[in-house]
Peer 1: 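Dumping the structure here so I can ask a few things about it.
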Amino acid sequence: MMMRQSAFLALACAAAVLAGCQPSGQDDLRQWMADLKANTKPRVKPLKEPIQFVPQAYVAESGTDPFNQQKLTQALRRDSQDVASNASLIAPELARRKEPLEAYPLDTIRMVGSMTKSGKPTALVTVDKLLYQIQVGNYLGQNYGKILAITETNMQIREIVQDQTGDWVERMTTLDLQEGTGSKK
């Protein structure tokens, strides 16, 4: 009996192997793909000729001359006054002693609460698993950030940063209250 089952099993395997050797019916598909590939020609639209640029001379003699030396002097004087006022933004910041929270980037500081202490709004912030109490007028962040206002849900911070030209400019930032993300057990 065991011998019969083994023989039957061997016969079934041999039949399955022989069935896999038959043509799969995809020969017509492969022939059609080859014919289509050989007979298809790509269509490329020709590019238009570029328009010839013809420069024109500046002939506005009756209007204001944009290259006037006096206008250039006024613009340079105005820019130098802006640079001087921007430089005055950073001068007082360099003369004071830094506070502990100024050692951390602003994106690593999380506001986790707020309260009123001695009639003044106080924010609770964490950084490096330490809790700090800060009030309006304190500094935090690495861009000379000064706290201007504290509400129940956020803090308004004025930072002094350099723009792409190297001038010092004020930037207003808000640090929002972070809701608890830990799961309770």
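Residues take their numbers from the sequence shown, with the count starting at 1.
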Peer 1: What pair of heavy atoms forms the shortest contact from Leu124 to Met115, and how long is it?
Peer 2: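 Smallest heavy-atom distance, with atoms named: CD2-CE, 4.1 Å.
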Peer 1: Write down the atom of Ala123, the atom of Met155, and the distance for their closest heavy-atom approach.
Peer 2: CB-SD, 3.6 Å
Peer 1: Strictly by modelled atom types, are Ser114 and Glu152 linked by a side-chain donor-acceptor pair under 3.5 Å?
Peer 2: no
Peer 1: Rounded to the nearest 0.5 Å, how far apart are CG of Asp28 and CE of Met33?
Peer 2: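 One finds 13.0 Å between CG of Asp28 and CE of Met33.
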Peer 1: Going by atom types only, do Asp35 and Gln31 share a side-chain donor-acceptor pair under 3.5 Å?
Peer 2: yes
Peer 1: Given side chains that start at C-beta, do those of Leu101 and Tyr139 come closer than 4.5 Å, heavy atoms only?
Peer 2: no
Peer 1: If you define the side chain from C-beta out and look only at heavy atoms, does anything of Leu140 sit under 4.5 Å from Ile147?
Peer 2: yes
Peer 1: So Tyr132 and Leu130, do their side chains get closer than 4.5 Å, heavy atoms only?
Peer 2: yes
Peer 1: With a 4.5 Å cut-off on side-chain heavy atoms, are Leu148 and Ile157 touching?
Peer 2: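 Not touching, per the 4.5 Å side-chain cut-off.
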Peer 1: Using a distance-only test with no angle check, is there a side-chain donor-acceptor pair under 3.5 angstrom linking Glu159 and Thr173?
Peer 2: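 Yes, a side-chain donor-acceptor pair sits under 3.5 Å.
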Peer 1: Would a single hydrophobic cluster contain both Leu106 and Ile150, if residues Ile, Leu, Val, Met, Phe, Trp and Tyr are joined by side-chain heavy-atom contacts under 4.5 Å?
Peer 2: yes
Peer 1: Taking the side chain as everything from C-beta on, heavy atoms only, tell me whether Ile160 gets closer than 4.5 Å to Val169.
Peer 2: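 No, too far: nothing below the 4.5 Å cut-off.
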Peer 1: Taking atom NZ of Lys98 as the centre, report whether more than 12 heavy atoms of other residues, nucleotides or ligands fall under 6.0 Å from it.
Peer 2: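 Correct, the count exceeds 12.
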Peer 1: Does some side-chain heavy atom of Val125 sit less than 4.5 Å from a side-chain heavy atom of Ile134?
Peer 2: yes
Peer 1: Are Lys117 and Gln133 packed together at the side-chain level, in the sense that at least one heavy-atom pair is separated by less than 4.5 angstrom?
Peer 2: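 The answer is yes, as the side chains (C-beta and beyond) meet within the 4.5 Å cut-off.
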Peer 1: I'd like to know whether CD of Gln162 has more than 12 heavy-atom contacts from other residues, nucleotides or ligands below 6.0 angstrom.
Peer 2: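 Count over threshold, so yes.
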Peer 1: First locate atom CZ of Arg158, then atom NZ of Lys146, and finally report the distance between them rounded to the nearest 0.5 Å.
Peer 2: 6.0 Å
Peer 1: Compare all side-chain heavy atoms of Met111 with those of Ile109 and state whether any distance is below 4.5 angstrom.
Peer 2: no
Peer 1: Please list, chain by chain and in numerical order, all residues satisfying side chain to side chain contact (heavy atoms under 4.5 Å, CB included) with Asn154, sequence neighbours excluded.
Peer 2: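 Result, side chain to side chain contact (heavy atoms under 4.5 Å, CB included) vs Asn154: Thr151, Gln156, Thr174, Asp176.
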Peer 1: So, does Thr40 use its side chain to make a donor-acceptor pair with the main chain of Leu36 at under 3.5 Å?
Peer 2: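 Checking the backbone N and O of Leu36 against the side chain of Thr40, a donor-acceptor pair under 3.5 Å is found.
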Peer 1: Would Arg96 count as a cation-pi partner of Tyr144, with NZ or CZ less than 6.0 Å from the six-membered ring centre and within 45° of the ring normal?
Peer 2: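 The answer is no, since Arg96 fails at least one limit relative to Tyr144.
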Peer 1: With side-chain contact (heavy atoms from CB on, under 4.5 Å) as the test, would you mind laying out the steps for Val112 and Leu131 before giving the verdict?
Peer 2: CA-CA 9 Å; Val112 294; Leu131 182 67; 3.8 Å; yes
